[in-house]
Amino acid sequence: MVGFKPTDVPPTAAVKFIGAGTAACIADLFTFPLDTAKVRLQIQGETKTPVNVKSAQYKGVFGTISTMVKTEGPRSLYNGLVAGLQRQMSFASVRIGLYDSVKQFYTKGSEHVGIGSRLLAGCTTGAMAVAIAQPTDVVKVRFQAQANVSSARRYKGTMDAYKTIAREEGMRGLWKGTAPNITRNALVNCTELVTYDLIKDALLNSNLMSDTLPCHFTSAFGAGFCTTVIASPVDVVKTRYMNSAKGQYQSALNCALTMLRKEGPRAFYKGFMPSFLRLGSWNVVMFVTYEQLKRAMMSARVSWEAPF
């Protein structure tokens with residue numbers, strides 16, 4: 001990322017790769033309940049069934065969390081955590097950890113980096129990450145969507161979920177929703193990383209802040225808000241399509257059109273507040289941790305390589 005002092009040792013691609021995955025896992029541990037609440041709100045009203053009363057039980061971010069704790073227990077907030085951590089280690093390592101390397105590739109090492117190169121790098125690493133980590137995302141969403149009661153459980157555990165989906169829906173089932181997820185992550189990556197990059201660059205170049213925690217916090221919070229506004233509609237469609245039963249929707253586009261017809265345009269911003277709370281807090285924790293991990297890992301490397 002931008003903003004390192006000349007005296008700092010630039011982090012290597014390996015350090016960024018490992019640091020991004022680790023920082024994303026730490027951020028997930030803190031924000032996972034918000035992500036689960038977001039999923040529950042997004043799939044609410046998806047079908048008209050006799051359990052309509054149940055589908056209307058969630059009201060707001062903290063109301064959803066409170067209802068889940070009361071009816072399913074506190075552990076329900078962390079349904080799908082194992083798959084979520086698997087996802088971040090394979091997903092964030094690529095989309096965030098390789099962003100700078102891909103950006104340098106597109107600019108051919110030039111010090112001047114235009115917004116076009118940043119956007120292209122964000123789209124590239126976002127698409128690469130989805131292609132690799134999509135099965136973990138499918139399992140995570142399905143665990144978060146299922147009620148934590150024996151009659152409503154679709155899977156016994158994380159590995160059982162991978163096996164069951166592959167057996168019942170084929171290998172294609174594990175990559176269900178790849179198209180909307182690529183679209184979502186192209187938007188998320190471009191908005192999140194590029195906005196963070198630009199805000200941080202502007203703060204440093206105008207000498208409003210130094211390359212320290214307040215700068216990282218401000219840049220990450222701004223990136224989280226912009227990302228939520230732009231990516232929320234695609235995120236709702238992605239969540240519903242990945243969670244749907246086989247044959248419920250013909251395609252991601254059919255899912256979006258069904259939502260629009262049955263629930264109206266506001267359905268595309270269902271779960272906006274938990275999405276913002278989650279993305280805002282996730283960005284802050286992840287980017288602050290990522291920046292510190294990069295420096296700590298490079299300091300450790302320099303100390304290790306220094307002559308005795």
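Note that this is a predicted model, so its numbers are computed, not measured.
- Counted within 6.0 Å of CG on Leu257, heavy atoms from surrounding residues, nucleotides or ligands total more than 12; the atom is thus considered enclosed.
- Heavy-atom contacts from other residues, nucleotides or ligands closer than 6.0 Å to CZ of Phe268 number more than 12.
- Contacts of Lys38 classified as side chain to side chain donor-acceptor pair (under 3.5 Å), with partners at least two apart in sequence or in another chain: Asp35, Asp235.
- In this structure, the side chains of Met286 and Thr289 stay at 4.5 Å or more apart for every pair of heavy atoms.
- Between the side chain of Ser206 and the backbone N or O of Ala202, at least one donor-acceptor pair lies under 3.5 Å.
- Judged by distance alone, with hydrogens and angles left aside, the side-chain atoms of Thr191 form no donor-acceptor pair with the main-chain N or O of Val188 at under 3.5 Å.
- Residues Arg40 and Gln144 fail the side-chain proximity criterion, which asks for heavy atoms closer than 4.5 Å.
- Of all the heavy atoms in Ala256 and Val237, the pair that sits closest is CB-CG2, 3.9 Å.
- Remark: the backbone N or O of Ser244 is paired with a side-chain donor or acceptor of Lys176 at under 3.5 angstrom.
- Between the Thr12 side chain and the Val15 main chain, a donor and an acceptor come within less than 3.5 Å of each other.
- Salt bridge Arg118/Asp201: present, at least one basic N to carboxylate O contact under 4.0 Å.
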Quiz prompt | Candidate pair Asp160 and Arg167, rule salt bridge (charged side-chain N to carboxylate O under 4.0 Å, His left out), full reasoning | solution = CA-CA 10 Å; Asp160 177 61; Arg167 184 176 63 251; 5.4 Å; no
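- Gln88 CD to Ile96 CD1: the interatomic distance, rounded to the nearest 0.5 Å, is 7.5 Å.
- Here the side chains of Phe32 and Leu77 are not in contact, with every heavy-atom distance at 4.5 Å or above.
- For Phe30, the CZ atom counts as loosely surrounded, since its 6.0 Å shell holds 12 or fewer non-hydrogen atoms of other residues, nucleotides or ligands.
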Quiz prompt | Trace of the side-chain contact (heavy atoms from CB on, under 4.5 Å) decision for Asp28 with Arg278 | solution = CA-CA 9 Å; Asp28 248 26; Arg278 190 258 176 186; 3.0 Å; yes
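- A donor-acceptor pair shorter than 3.5 Å can be found between the side chains of Asn189 and Thr125.
- Between Asp197 atom CG and Tyr99 atom OH the span is 4.0 Å, to the nearest 0.5 Å.
- The pair Glu291-Lys294 meets the salt-bridge criterion, with a side-chain N (NZ, NE, NH1 or NH2) lying under 4.0 Å from an Asp/Glu carboxylate O.
- Residues Ile182 and Ala127 approach most closely at CG2-CB, 4.3 Å, considering heavy atoms.
- Between atom CE of residue Met89 and atom CD1 of residue Ile18 there is a gap of 7.5 Å, rounded to the nearest 0.5 Å.
- In this structure, Glu72 and Thr67 have side chains that are not in contact, with every pair of non-hydrogen atoms separated by 4.5 Å or more.
- When the side chain to side chain donor-acceptor pair (under 3.5 Å) test is applied to Arg87, the partners found at least two apart in sequence or on another chain are Asp137.
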Practice problem: Start with the C-alpha distance between Tyr241 and Asn254, add both sets of side-chain angles, then the distance that settles side-chain hydrogen bond (donor to acceptor under 3.5 Å, both in side chains), and finish with yes or no. | Solution: CA-CA 9 Å; Tyr241 188 61; Asn254 175 251; over 6 Å; no
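- Taking the centre and axis of the six-membered ring of Tyr196, the NZ or CZ atom of Lys200 falls outside the cone set by 45° and 6.0 Å.
- Formation of a donor-acceptor pair under 3.5 Å by the Ser232 side chain with backbone atoms of Val229 is not found in this model.
- Of the charged side-chain nitrogens involved, none lies within less than 4.0 Å of a carboxylate oxygen, so that Glu169 and Lys163 do not count as a salt-bridged pair.
- No donor-acceptor distance shorter than 3.5 angstrom exists from the side chain of Thr107 to the backbone of Val113, with no hydrogens or angles considered.
- The environment of Phe217 atom CZ is sparse: at most 12 non-hydrogen atoms of other residues, nucleotides or ligands sit within 6.0 angstrom.
- Using cut-offs of 30° and 60° on the angle between ring planes, the pair Phe276 and Phe272 is parallel.
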Quiz item: Given the rule in the side-chain contact (heavy atoms from CB on, under 4.5 Å) test, do Leu174 and Tyr162 qualify, once you have shown the distances and angles that lead to the verdict?
Solution: CA-CA 7 Å; Leu174 290 170; Tyr162 287 116; 4.0 Å; yes
Practice problem: Could you please spell out the steps behind the side-chain contact (heavy atoms from CB on, under 4.5 Å) verdict for Thr158 and Gln86? | Solution: CA-CA 10 Å; Thr158 305; Gln86 291 172 349; 4.0 Å; yes
Quiz prompt | Residue pair Trp282, Leu34: steps toward the side-chain contact (heavy atoms from CB on, under 4.5 Å) verdict | solution = CA-CA 10 Å; Trp282 191 92; Leu34 291 170; over 6 Å; no
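- Atom CD of Glu192 is separated from atom OG1 of Thr227 by 5.0 Å, given to the nearest 0.5 angstrom.
- When side chains are defined from C-beta on, Lys16 does not count as touching Leu98, because their heavy atoms never get closer than 4.5 Å.
- For OH of Tyr78, the number of neighbouring non-hydrogen atoms (other residues, nucleotides, ligands) closer than 6.0 Å is greater than 12.
- Remark: Leu204 CG to Cys215 SG distance equals 4.5 Å, nearest 0.5 Å.
- For Asp211 and Arg295, the salt-bridge test passes: some basic side-chain N is under 4.0 Å from an acidic carboxylate O.
- When side chains are defined from C-beta on, Thr36 does not count as touching Phe143, because their heavy atoms never get closer than 4.5 Å.
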Quiz item: Run the side-chain hydrogen bond (donor to acceptor under 3.5 Å, both in side chains) check on Tyr106 and Thr124 step by step: do they pass?
Solution: CA-CA 10 Å; Tyr106 284 130; Thr124 302; 2.8 Å; yes
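- Taking CG from Leu193 and CG from Asn283, the interatomic distance works out to 8.5 Å, rounded to the nearest 0.5 Å.
- When atom types are taken as modelled, the side chain of Ser76 and the backbone of Gly73 share a donor-acceptor pair closer than 3.5 angstrom.
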